[in-house]
Amino acid sequence: MALLTVIVPCYNEEENVKFFYEELMKNQSFFTSKGLEVEVLYIDDGSKDKTVEEVKKLRKKAENVHLVSFSRNFGKEAAIYAGFQKAKGDYVVMMDADLQDPPSLLPEMFSYLEQGYDSVATRRVDRKGEPPIRSFFARLFYRLMNRISKTDMVDGARDYRLMTRQVVDSILSMSEYNRFTKGIFGWVGFETKWVEYENVERAHGETKWNFWKLFLYSIEGITAFSTAPLAFASIMGVLMCLCAFGAIIFIIIKTLIWGDPVGGWPSMVCIIFLVSGVQLFCLGIVGQYLSRTYMEVKRRPIYLVKEEW
Ligand code: UDP
Ligand code: MG
């Protein structure tokens with residue numbers, strides 16, 4: 001019998017824990033027909049509500065439920081990493097607790113693994129129910145990312161993925177602290193089949209991502225998988241130098257022809273502001289990479305476990 005591990009990161013998902021399990025187990029006849037044993041691994045990411053209690057209640061009824069509970073909120077990326085580390089399955093699938101990743105897709109996804117794919121990823125074809133401004137920036141991010149990074153990132157890709165043990169081990173071999181899972185999947189490669197589905201709205205509760213969090217997350221993604229901004233800083237510097245040379249020649253010629261009447265201080269002020277702005281911006285870019293390097297060098301654990309069974 002093969003084992004399928006279902007990783008479920010949970011942060012304040014008390015209403016969804018049981019509901020998710022029930023929905024997942026509607027596939028029971030499929031699991032049995034494929035000779036799949038299923039373990040459901042809830043990763044409690046420091047929830048402040050009754051998520052852990054709910055998982056414990058569920059465990060009393062279902063032997064195949066497991067829990068890893070963090071000492072505090074470490075973020076979804078940390079939860080995913082913990083899930084991969086603790087998963088024992090020959091196949092591993094990662095799903096959100098809010099049922100935005102429909103368990104009914106599993107049979108189809110599994111059939112692709114049988115056809116020889118190493119990993120089956122999902123992508124939603126629309127962004128129904130999402131604020132338009134968020135969709136706009138999300139699209140912009142993916143377009144920019146695919147231009148400046150060699151790693152393939154797919155717009156609308158969810159973290160809902162089914163993969164073989166080999167892929168899981170490859171992901172685990174990337175032990176970096178700043179984890180951007182969407183990029184990591186692209187980076188490890190392997191034969192990936194994309195399955196598309198329409199966006200499903202959250203079953204209960206609210207999304208944990210606001211615009212600002214998503215913005216910071218996108219910077220995480222850019223710095224983790226591209227060094228183009230650093231090159232951009234150098235190019236910007238070269239361009240500014242060229243402009244300065246042009247201006248010097250222009251001023252010399254102008255002075256020789258028309259003399260040097262005092263004036264032009266407003267333009268001078270503008271130039272000073274512009275140049276110092278560009279400098280600070282470029283310094284900021286370097287700072288982003290430096291701070292990531294700093295965090296990486298500290299080698300802190302990605303998460304801390306409080307309870308595990
Ligand atoms: N999540 C988590 N830690 C966090 C934030 C979210 O483990 O700090 C989990 C959350 O419980 C859910 C999944 O990650 O199972 C996706 O979160 P959410 O539904 O809020 O994101 P969205 O679907 O809106 O992108
Ligand atoms: Mg969700």
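In listed order, ligands and their atoms are each counted from 1. FYI, the numbering just counts along the sequence from 1. Side chains included, hydrogens not; waters and symmetry mates left out as well; all remaining heavy atoms used.
- The nearest non-hydrogen atom to atom 16 (C) of ligand 1, considering only D101, D96, L99, N12, comes from D96.
- Closest heavy-atom contact between L24 and P103: CA-CB, 3.9 Å.
- Distances shorter than 2.8 Å separate the Mg ion (ligand 2) from the protein N/O/S atoms D98 OD2, Q100 OE1.
- Nearest protein heavy-atom contact of atom 1 (N) of ligand 1 is Y11 CB, 3.8 Å.
- Polar contact check, G75 against ligand 1: no nitrogen or oxygen pair lies under 3.5 Å apart.
- Under 4.0 Å from ligand 1, heavy atoms of K76 appear from its side chain as well as its backbone.
- Contacts between T207 and ligand 1 below 4.0 angstrom, taking non-hydrogen atoms only, involve backbone and side chain alike.
- Residues H66 and Y42 keep their aromatic ring centres 6.0 Å or farther apart.
- Polar contact check, W209 against ligand 1: a nitrogen or oxygen pair lies under 3.5 Å apart.
- Nearest protein neighbour of atom 18 (P) of ligand 1, counting heavy atoms only, is R202 NH2, 3.5 Å.
- In terms of heavy atoms, F70 sits closest to D45 at CD1-OD1, 3.4 Å.
- Both Y294 and I222 are part of a single hydrophobic cluster, where members link through side-chain heavy atoms under 4.5 Å apart.
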Exercise. Report the C-alpha distance between E220 and R179 in whole Å, list the side-chain angles of each, state the deciding distance to 0.1 Å, and finish with yes or no for salt bridge (Lys or Arg N to Asp or Glu O under 4.0 Å).
Key: CA-CA 8 Å; E220 195 71 58; R179 302 190 74 77; over 6 Å; no
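- Heavy atoms from other residues, nucleotides or ligands lying under 6.0 Å from CH2 of W212 number 12 at most.
- The two residues T5 and K88 have their closest heavy-atom pair at OG1-N, 3.6 Å.
- Y217 has its ring centre less than 6.0 Å from the ring centre of F180.
- When heavy-atom distances to ligand 1 are checked against a 4.0 Å cut-off, C10 comes that close only through its backbone atoms N, CA, C and O.
- Taking only non-hydrogen atoms, the option from I43, V17, D98, N73 nearest to atom 19 (O) of ligand 1 is D98.
- Both I7 and V305 sit in one connected hydrophobic cluster of ILVMFWY residues. Membership requires side-chain heavy atoms under 4.5 Å apart, directly or through other members.
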Residues 273-287, side-chain donor-acceptor partners within the protein, below 3.5 Å, at least two apart:
residue, atom, partner, partner atom, Å
S276, OG, I272, O, 2.6
S276, OG, F273, O, 3.2

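- Among all non-hydrogen protein atoms, the one lying nearest atom 5 (C) of ligand 1 is K208 CB, 3.8 Å.
- For F211 and F137, the gap between ring centers is short of 6.0 Å.
- Aromatic rings from F110 and Y91 are positioned such that their centres are separated by under 6.0 Å.
- At the top of the distance list for atom 23 (O) of ligand 1, counting protein heavy atoms only, stands Q100 OE1, 2.5 Å.
- The single protein non-hydrogen atom nearest to atom 10 (C) of ligand 1 is E13 OE2, 3.1 Å, given as residue, atom name and distance.
- A cation-pi geometry, defined here as NZ or CZ lying under 6.0 Å from the six-membered ring centre and within 45° of its normal, holds between R161 and F185.
- Atom 9 (C) of ligand 1 has its closest protein heavy atom at P9 O, 3.7 Å.
- In terms of protein heavy-atom proximity, atom 4 (C) of ligand 1 is nearest to D45 OD2, 3.4 Å.
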